[in-house]
Each structure stands twice: as C-alpha cells, then as structure tokens.
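These notes are about the structure you will find just below.
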Amino acid sequence: MLSYNNPSLVLSNSTEPLTGTVSWKCPSNIAIVKYWGKHGMQLPKNASVSFTLEKAFTNTEIKYSPKDNSENSLRFYFEGEEKPSFLPKIHHFIDRIKNTFPFLRELDLEIHSSNSFPHSAGIASSASSMGALALCFCSLEKEIFGKEETPDAFLKKASYIARLGSGSACRSIFPYASVWGKHEDVEGSDDYFGIAFEENLHEVFKSFRDDILIISKSEKEVSSTLGHQLMDTNIFAKRRFQQASDNLSLLLPILEKGDVEEFGEIAEAEALSLHALMMTSNPSFILMTPNTLKAISRIRRFRKEQKLPVYFTLDAGPNIHLLYPEEIQDRVGEFKKEQLRSLCEGGQILDDRVGLGPKKNEEK
Ligand code: PMV
C-alpha cells in the first residue's frame with residue numbers, strides 16, 4: 001500500500017524561507033466510465049476513465065507564513081470574498097493529509113480560489129478545486145523543504161492527495177485523459193492515485209469537444225458522498241462494478257484506435273447506468289429533468305438524421321455534456337443554437353474541450 005506519511009516534514013527541518021505564495025490552475029474532468037461507489041479511505045469500487053477539460057477550471061493561490069498562534073490560521077476567499085462556510089471542508093481535507101504534510105499545521109494559510117465557470121451553474125467544482133488545492137500543497141512541500149523530484153513523481157503525489165479531497169479530483173491532474181482504479185488491462189493503474197492516459201490516446205480524442213448544457217443551475221440534489229454510500233446497499237451494485245470493469249476493457253482499444261461511434265455508445269450507456277443506479281437506490285433519486293430527456297432525444301435524433309457522431313454523458317445531475325470530434329463543430333454549433341439552447345437555463349451552454357491539464361501559475 002502506497003503511503004506518503006513523512007513525520008520529518010516539520011518546519012524545524014525546512015531549508016527554505018517560510019513565507020511565500022504558491023498558485024495552481026487545475027481543470028475539471030468528465031468521467032466516461034464512471035466511478036460510483038467507494039470504500040475505505042476514498043478508494044473506488046471500480047476503475048474509471050475521464051477526459052480532462054480545458055476551460056472549466058479552478059485557480060487557487062495559497063499565501064503561507066509561520067503560524068502566529070492566532071486562532072484564525074486558515075482563511076478562505078472565494079472570488080475575492082471571505083467564505084468561512086467553506087472552512088470545515090478544507091479543515092477536513094487538511095486533517096486527512098496531516099501525516100503527509102505535518103507542516104501544514106504549523107502555518108498560517110490564506111487561500112484564494114476562483115472558478116472559470118459561473119458558481120451557480122450546477123457544475124460540480126470539487127474535482128478542479130480539490131485538484132488545485134492538492135497541487136498547491138505539493139508545491140508548498142517543494143518550496144519549504146527544497147524537495148527534488150521528477151515531474152511524474154510530483155503529479156503522482158498530487159493525484160494521491162487530490163483523491164483524499166474528492167475521489168474524482170485525482171483524475172484532473174493529467175493532460176487529456178486519466179485512469180483511476182486498479183484494472184488488469186491498464187498497466188500501472190492504482191486505487192490510490194490516477195495515472196495519465198495519453199500515450200495510447202488517439203489524436204481525435206485529444207481535441208474532442210465537451211459542451212456543457214446547463215439544463216439546471218440548481219445545487220446538486222444529492223451530494224456525491226451520499227450517492228457513493230447508496231451503492232453500499234444498491235441491489236445492482238455487484239453487477240454494476242462488473243459492468244464498469246467490462247466497459248473499461250471495451251473502451252481502452254477504442255480510445256486507442258479512435259473509433260468515435262463505439263466510444264459514444266459506451267459513454268451514453270455509462271451515463272444512463274449511473275442514473276439508473278440513482279433511481280434504483282433506497283432512497284431513490286431521479287436527477288434528470290424533463291429538459292434533460294428532451295435534450296437526449298434531440299441529440300439521438302440529430303445523430304441519426306445527420307449521420308454525425310454526437311453523443312452525451314451526464315454527471316450525477318441534470319446537466320448534459322455533449323461529446324463530439326472537433327471537425328464537426330460548425331454543424332453541431334447550429335444544432336445547439338436551434339435545438340438545445342432553449343432547453344438550458346438562461347440559454348447557458350459552456351463550450352469546453354479536452355485539455356492539457358493543470359498549470360502552475362508562476363509569480364509575475
Ligand atoms: O469525486 P466525487 O466523490 O464527487 O464523485 C464523482 C462521481 C461522478 O462524477 C458521478 C463520476 C465520476 O467518475 O466522476
């Protein structure tokens with residue numbers, strides 16, 4: 001079992017100045033084979049694979065200095081405004097990683113965070129925000145203790161830490177695509193961290209489009225914590241974990257050869273399975289709205305009539321991710337304008353695409 005526990009990382013052992021700033025930009029990701037159900041300390045019941053997004057991201061900056069023993073050693077600002085309501089979540093995260101980064105408890109931390117997407121757009125931001133925080137914490141270690149490591153080792157550790165903030169966040173650390181969870185067909189895959197899935201990814205997917213149709217801006221009806229928990233008693237759980245594993249086995253060669261139609265079939269089946277699981281849980285949840293269903297049927301009709309490879313996936317909510325290759329973006333643009341925009345709250349669609357992964361913001 002991988003462990004990053006390191007009791008020697010206390011300020012008395014630091015080699016560098018104890019005051020400074022670290023800052024990272026981390027994108028969100030969209031799962032194609034979904035993670036739904038966990039055990040132990042944020043470990044997945046099945047392996048998943050996701051695309052890293054480009055335009056939906058969180059920017060996080062941490063200003064650090066030695067603790068002055070005032071009570072207020074952690075402050076959090078979201079889009080310029082102090083938000084004490086976010087603190088319990090961050091304290092909980094820091095508590096989980098206290099044996100990896102014991103020095104965090106010796107520091108005053110001022111965290112400034114902002115999202116590229118509207119706050120109330122019903123988009124889960126935990127992957128990008130926890131990813132950005134994890135990257136900042138790893139950079140803090142590097143800056144305070146002058147740690148030398150390869151870029152790959154840095155990202156592996158950041159992914160491990162991000163997982164402890166929010167499971168799916170561990171996949172946001174890598175460019176293009178990532179696999180998280182041990183799977184016999186993916187060498188190096190692991191339950192404790194995500195890995196890059198880049199080398200074997202066909203070019204068509206590296207510029208794939210993912211437009212987010214904001215069907216509803218409302219807050220999520222079910223937290224993912226509760227959603228995962230419901231899988232402990234869902235009567236289809238065992239079959240589902242097998243299905244996810246089989247779908248990943250099927251998807252890997254498809255991602256490699258670039259077959260967009262076969263890709264789309266699996267992506268849609270996975271999204272609908274996730275929602276079926278929510279419907280068959282106890283308590284049960286229906287997270288799609290009438291407009292979600294209308295959009296799905298229009299996407300399927302457009303695909304059939306126009307013979308164009310346009311597919312959808314869903315998160316655990318009503319919003320739709322429209323997936324298609326870059327080369328048909330003009331045709332899809334017209335379709336969105338004519339048939340999908342009216343189904344979105346405030347006509348909002350966030351045009352996104354597969355992206356290059358996180359980026360450290362260097363000081364100007
Ligand atoms: O990372 P969490 O605990 O918010 O769970 C995310 C679950 C889904 O988004 C529904 C699926 C996934 O694999 O990202």
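Each ligand, and each atom within it, is numbered from 1 in the order the structure gives.
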Cationic N near anionic O, under 4.0 Å, Glu203 to Lys206: yes
Is there at least one pair of N or O atoms, one from Ser168 and one from ligand 1, spaced under 3.5 Å apart? yes
Of all the atoms in ligand 1, which lie at a distance below 4.0 Å from a heavy atom belonging to Arg171? 12 (C), 13 (O), 14 (O)
Contact region, His228 to ligand 1, non-hydrogen atoms below 4.0 Å, reads side chain
I need the atoms of ligand 1 closer than 4.0 Å to a non-hydrogen atom of Trp36, numbered in the order shown. 7 (C), 10 (C)
Please tabulate, for side-chain N and O atoms in residues 83-101, each donor-acceptor pair with protein atoms closer than 3.5 Å (sequence neighbours left out).
unit_1, atom_1, unit_2, atom_2, d
Asp95, OD1, Lys98, NZ, 3.4
Arg96, NH1, Leu164, O, 2.8

For Lys337, look at atom NZ and say whether over 12 heavy atoms of other residues, nucleotides or ligands are found less than 6.0 Å away. no
Side chain or backbone, does Tyr35 bring an N or O within less than 3.5 Å of an N or O on ligand 1? yes
If you measure from the Lys or Arg side-chain nitrogens to the Asp or Glu carboxylate oxygens, is any gap between Lys360 and Glu143 under 4.0 Å? yes
Can you list the ligand 1 atoms lying under 4.0 Å from a non-hydrogen atom of Asp315? 9 (O)
Ser166 N/O to ligand 1 N/O under 3.5 Å: yes
Numbered atoms and elements of ligand 1 in range of Gly167, under 4.0 angstrom, heavy atoms: 1 (O)
Does the ring centre of Tyr35 sit less than 6.0 Å away from the ring centre of His228? yes
Show me which atoms of ligand 1 lie under 4.0 Å from any heavy atom of Ala31. 12 (C), 13 (O), 14 (O)
Proximity of Tyr160 and Tyr4 rings by center, below 6.0 Å: yes
Is it the case that the ring center of Phe263 lies less than 6.0 angstrom away from the ring center of Phe208? yes
Heteroatom distance test (Ser224, ligand 1): nitrogen or oxygen, under 3.5 angstrom: yes
